[in-house]
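Ligands are counted one by one from 1 in listed order, and the atoms in each one are counted from 1 as well. These values consider heavy atoms only, across backbone and side chains, with no hydrogens, waters or symmetry-generated copies.
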Amino acid sequence: MKKEDIDITRLPVHVAIIMDGNGRWAQRQGKERVYGHKHGVDSVRAVTEAAAELGIKFLTLYAFSTENWNRPQAEIDALMSLLVQAIEHETPTLMKNNVRLLTIGDTERLPQNTRDRLMTCLEQTAGNTGLSLVLALSYSARWEITRAAQLIARDVVKGLVKEDDIDQTMLNSYMTTRDIPDPDLLIRTSGEQRISNFLLWQIAYSELYFTDLCWPEFQKEAFYDAIADYQTRERRYGKTSEQMK
Ligand code: IPE
Ligand code: IPE
Ligand code: MG
């Protein structure tokens, strides 16, 4: 698929991606897993650029889950240093393309150095008005939902919130994604067909798209394929097809 094949009047507002398969892609070529992560950064660049060029408003990338902290320390270290490098290297491009960087997740757990560089980039791009690029770092949906419950309980104790005030809109305002619309399209690469603790609250009505391509293989054309597939879907939200006409 090419950019010209996309109907830009019917774009998803928010695309979320579970970037999976870096390790397997590398191992298939007899390389270390980290080689795959390095090439994964190129895919991040390509897909961010494609999303910005199309005029997509939000792109959320699942980069590191809370469960990924259980990987071998050497791989975690490599991922953190790649993250820092990528942020430093890409910030000028983000500025040039008017991209605002945001993060969701338990970023307190990130190494201090990683967190500092991340903060600098977040501040630097805060005024950009084009694509919002949301990095899910040390993120998991159950972490987020548990945290929301704690924050609400705290506000109830303080008398800021009454039990009857708790509805879906209110609960949503306690999620890390409170200023971000729900994903319209969720993509997962690498052939795995699972959610792996990503955005469970927010994907209630997202369209799901799975591809066998590993993340380092996922370039602009593959992204356009996913968008084109999304554009063939009828989103009914529980209603009948007739009602949607
Ligand atoms: C995705 O690739 C990147 C992260 C989860 C950090 P993986 O590292 O999970 O690669 P596979 O799935 O083992 O091939
Ligand atoms: C999901 O990939 C997390 C990210 C892409 C960051 P994993 O590779 O961690 O997921 P599982 O373990 O295969 O479910
Ligand atoms: Mg994986």
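- Thr114 contributes atom OG1, which lies 13.5 Å from atom CZ of Arg109 (distance to the nearest 0.5 angstrom).
- For Gln73, the CD atom counts as densely surrounded, since its 6.0 Å shell holds more than 12 non-hydrogen atoms of other residues, nucleotides or ligands.
- Under a 4.0 Å N-O distance rule, the pair Arg147/Asp106 does not qualify as a salt bridge.
- Here is the list of ligand 1 atoms found below 4.0 Å of a heavy atom in His37: 3 (C), 8 (O).
- Salt-bridge annotation for Glu192 and Arg24: present, with a side-chain N of the basic residue lying under 4.0 Å from a carboxylate O of the acidic one.
- Under the 30°/60° scheme for interplanar angles, the aromatic rings of Phe198 and Tyr62 are found to lie parallel.
- Closest approach between the Mg ion (ligand 3) and any N/O/S atom of Asp20 involves OD1.
- With a 6.0 Å radius and a threshold of 12 heavy atoms from other residues, nucleotides or ligands, Ile8 has its CD1 atom at or below the threshold.
- Residues in residues 67-99 take part in these ring pair (Phe, Tyr, Trp, His ring centres under 6.0 Å) pairs, two or more places apart or across chains: Phe64-Trp69.
- Because the distance cut-off is set at 2.8 Å, Glu192 fails to qualify as a neighbour of the Mg ion (ligand 3), as none of its N, O or S atoms comes that close.
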Short N or O separations between ligand 2 and the protein, below 3.5 Å:
{"from": "ligand 2", "atom 1": "8 (O)", "to": "Asp20", "atom 2": "OD1", "distance (Å)": "3.2"}
{"from": "ligand 2", "atom 1": "8 (O)", "to": "Arg71", "atom 2": "NH2", "distance (Å)": "3.2"}
{"from": "ligand 2", "atom 1": "9 (O)", "to": "Asn68", "atom 2": "ND2", "distance (Å)": "2.9"}
{"from": "ligand 2", "atom 1": "10 (O)", "to": "Arg188", "atom 2": "NH2", "distance (Å)": "3.4"}
{"from": "ligand 2", "atom 1": "10 (O)", "to": "Ser196", "atom 2": "OG", "distance (Å)": "3.4"}
{"from": "ligand 2", "atom 1": "13 (O)", "to": "Arg194", "atom 2": "NH2", "distance (Å)": "2.8"}
{"from": "ligand 2", "atom 1": "14 (O)", "to": "Arg194", "atom 2": "NE", "distance (Å)": "2.8"}
{"from": "ligand 2", "atom 1": "14 (O)", "to": "Ser196", "atom 2": "OG", "distance (Å)": "2.6"}

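- At least one donor-acceptor pair closer than 3.5 Å links the side chain of Arg188 to the backbone N or O of Arg194.
- Judged by the shortest distance from any of its heavy atoms, Arg33 lies inside the 4.0 Å radius around the atoms of ligand 1.
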